[in-house]
Amino acid sequence: MRTCTPPNPARGTSRDGFTLVEILVVIAIIGVLVGLAVPALGIAFRSVKQRAISMECQTLANAIEQYRNKYDEYPPDGADSALLVRHLKKAFQHIAPTEIALITGSFPLPTGNPLVSSSSVSGAVMDPTEALVFFLGGFSDDPVFPLSGKDGPFYILDNSSPPVQVKSNHATASISSIQYNPDRKNALYEFKQGQLTLNATPAGLTVSTDDAINGGTVDLMPAYHPAGLEMPFVYFESRTYQQTTVANRFATTGNGIVFPYRSAQLNTKYSTDMTVPGRNKYYRFMNEKTFQIVSAGLDDHFGGESGLFYVYKPASATTSGTGPQSGDSINLATNAVGTYTRFKDSTGGTYQDDNVANFADGILADSLEN
C-alpha cells in the first residue's frame, strides 16, 4: 500500500513566467544592444552602397577599355564636335552623312522633337554623361546606319499608322519622330533600364530627363546614374580634359560642378607660363592619357564650384609638406594651391568626400591624411 507524502513547505512553490522587474531588465538590455547595433549597421550599409558605386564605376571603366580595343581609340566625351565627328567616321567608315547630322544637330527634326543636348562647354555636342551611354550602349550592325539602323541608338519613325522605323535618309517630310532605342544590341555595358534617365513624355516620345539636372529640358540621349540616386556617372576623355580657354565640366542645378581631377604631379616646364594653355598644363591630370569617370556618391552632390580644381593624391603616396596634398584646391589663375583643403568648397562643405572615381580605390576621402 502506497502512502502519499505531504508537500514540504520549505521547498517553496513553482512559478510560471518572469517578474515585472526581470522583464524590464531584459527590455533594457535589448534596448542597449539595439542602440549599439543600429549605428554600426548604418555604417556597414553605407559602406556596402559606396562599394557598389565604386564597383560599377570600375565596370564602366572596363567597358571603355573594351571600346578602345574594338575601335582603336577611347570614345569622345562630346565636348568637341569636330573630334566626335572624326571618331564616328573612323569607327564607321561607311557611315551616312545623315547619321552624323543626328549627332551634330543639323538633322531636320519634327517640331517639338528634342535630339541631343550639349553641355555648357563651347563646341560641345553632348554632355559627358550622355556620351557614356551613347558609346557603350551598342550600335547597329548596319555599316551605313550604325545609329539609326536596326538595334542602334535611335529610332526614326515615319507618319504611317502605326509608325514604322525608316532609314535616316528617308524623306524628311514623312518623319514623325526620332526616339531613343532602350533595346539596343551589341552593348559593351548592359545599362540597367531603371538607372537610365528615360521618360515617355512629351507626346509619347522616349526621351531623357537628365538635362533637368543642369537646368535644361528633356532631350533624346539619356544619362546613367547609380541605383537610388539622381546624379549620373560623368565621363571625361583626356583629349578634352581642358580646352584652350574653357574647362570641360558637368554643371548641375544645386548639386555642384564636376571637373576632371588634377594630380599632384607638376609639369615644371610651364611653371612660369601664365598663358591659359600654360596654366592648364602646369598641374597634370589624373589618368592624363586615358579618361576619368566620376560619381557624386551617396550624398548626390559633386561638391565642385567654378574656378576651382582639386588635386587627388593616393594616401600611400602622400608626404606632409611636400607640395599639394590630396583634397587641395587649385586656382588656375595663379597656379597656386587655394585656401580650400580636404576637398572642401568655399562654404566649408565636404560634398566631395564621398565622390567616387575610376582612378580611386574607394571614395576620395580615403586619400586624405588622417
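All of these numbers come straight from a predicted model, not from anything done at the bench.
A side-chain donor-acceptor contact under 3.5 Å links Ser140 to the backbone of Lys150. The closest donor-acceptor contact from the side chain of Asp300 to the backbone of Glu230 lies under 3.5 Å. In this structure a side-chain-to-backbone donor-acceptor pair under 3.5 Å is present from Tyr241 to Asn287.
The aromatic rings of Phe233 and Tyr224 sit parallel, their planes meeting at an angle under 30°, below the 60° perpendicular limit.
To the nearest 0.5 Å, atoms OH (Tyr283) and CD (Gln242) are separated by 14.5 Å. Atom OG of Ser238 is separated from atom CD of Gln292 by 9.5 Å, given to the nearest 0.5 angstrom. For the atom pair CG of Leu188 and CG of Asn69, the computed distance is 10.0 Å after rounding to the nearest 0.5 Å. Note: Asp366 CG to Ser54 OG = 9.0 Å, rounded to the nearest 0.5 Å. Here CG of Asn186 is found 5.5 Å from NZ of Lys70. Values are rounded to the nearest 0.5 Å. To the nearest 0.5 angstrom, Leu84 atom CG is 9.0 Å from Asp77 atom CG.
Glu288 and Ser263 are not linked by any side-chain donor-acceptor pair at a separation below 3.5 angstrom, with hydrogens and angles left out of the test.
Contact of the Thr290 side chain with the Ile64 side chain is not registered, since no non-hydrogen atoms from C-beta on lie closer than 4.5 Å. Residues His225 and Met231 form no side-chain contact, since every pair of their non-hydrogen atoms from C-beta on lies 4.5 Å or further apart. Counting heavy atoms from C-beta on, the side chains of Lys89 and Glu99 never come closer than 4.5 Å.
Ring centroid separation for the pair Phe134 and Phe139 comes in under the 6.0 Å cut-off. Remark: aromatic rings of Tyr74 and Tyr235 are distant, center separation not under 6.0 Å. Proximity of the aromatic rings of Phe135 and Tyr67 is defined here by a centroid distance below 6.0 angstrom, and this criterion is met. Taking the six-membered ring for Trp and the full ring otherwise, Phe191 and Tyr189 have centroids separated by under 6.0 Å. The ring of Tyr261 has its center no closer than 6.0 angstrom to the ring center of Phe285.
Within 6.0 Å of CG on Asp361 lie no more than 12 heavy atoms contributed by other residues, nucleotides or ligands. Within a 6.0 Å radius of CD in Gln193, more than 12 heavy atoms belonging to other residues, nucleotides or ligands are found. Enclosure of atom NZ in Lys90 by more than 12 non-hydrogen atoms of other residues, nucleotides or ligands within 6.0 angstrom is indicated. Annotation: Phe92, atom CZ; neighbour count of heavy atoms from other residues, nucleotides and ligands within 6.0 Å is above 12.
With respect to the salt-bridge test (charged N to carboxylate O, under 4.0 angstrom), the residues Arg239 and Glu73 qualify.
Residues Tyr351 and Val294 do not share a hydrophobic cluster, defined by chaining ILVMFWY side chains whose heavy atoms lie under 4.5 Å apart. There is no path of hydrophobic side-chain contacts, each under 4.5 Å, that joins Leu132 to Leu83.
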> Does the pair Arg68 and Glu237 meet the rule for a salt bridge (Lys or Arg N to Asp or Glu O under 4.0 Å), with working shown?
Replying inline: CA-CA 12 Å; Arg68 179 178 179 273; Glu237 200 262 325; over 6 Å; no
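A cation-pi geometry, defined here as NZ or CZ lying under 6.0 Å from the six-membered ring centre and within 45° of its normal, holds between Arg262 and Phe309.
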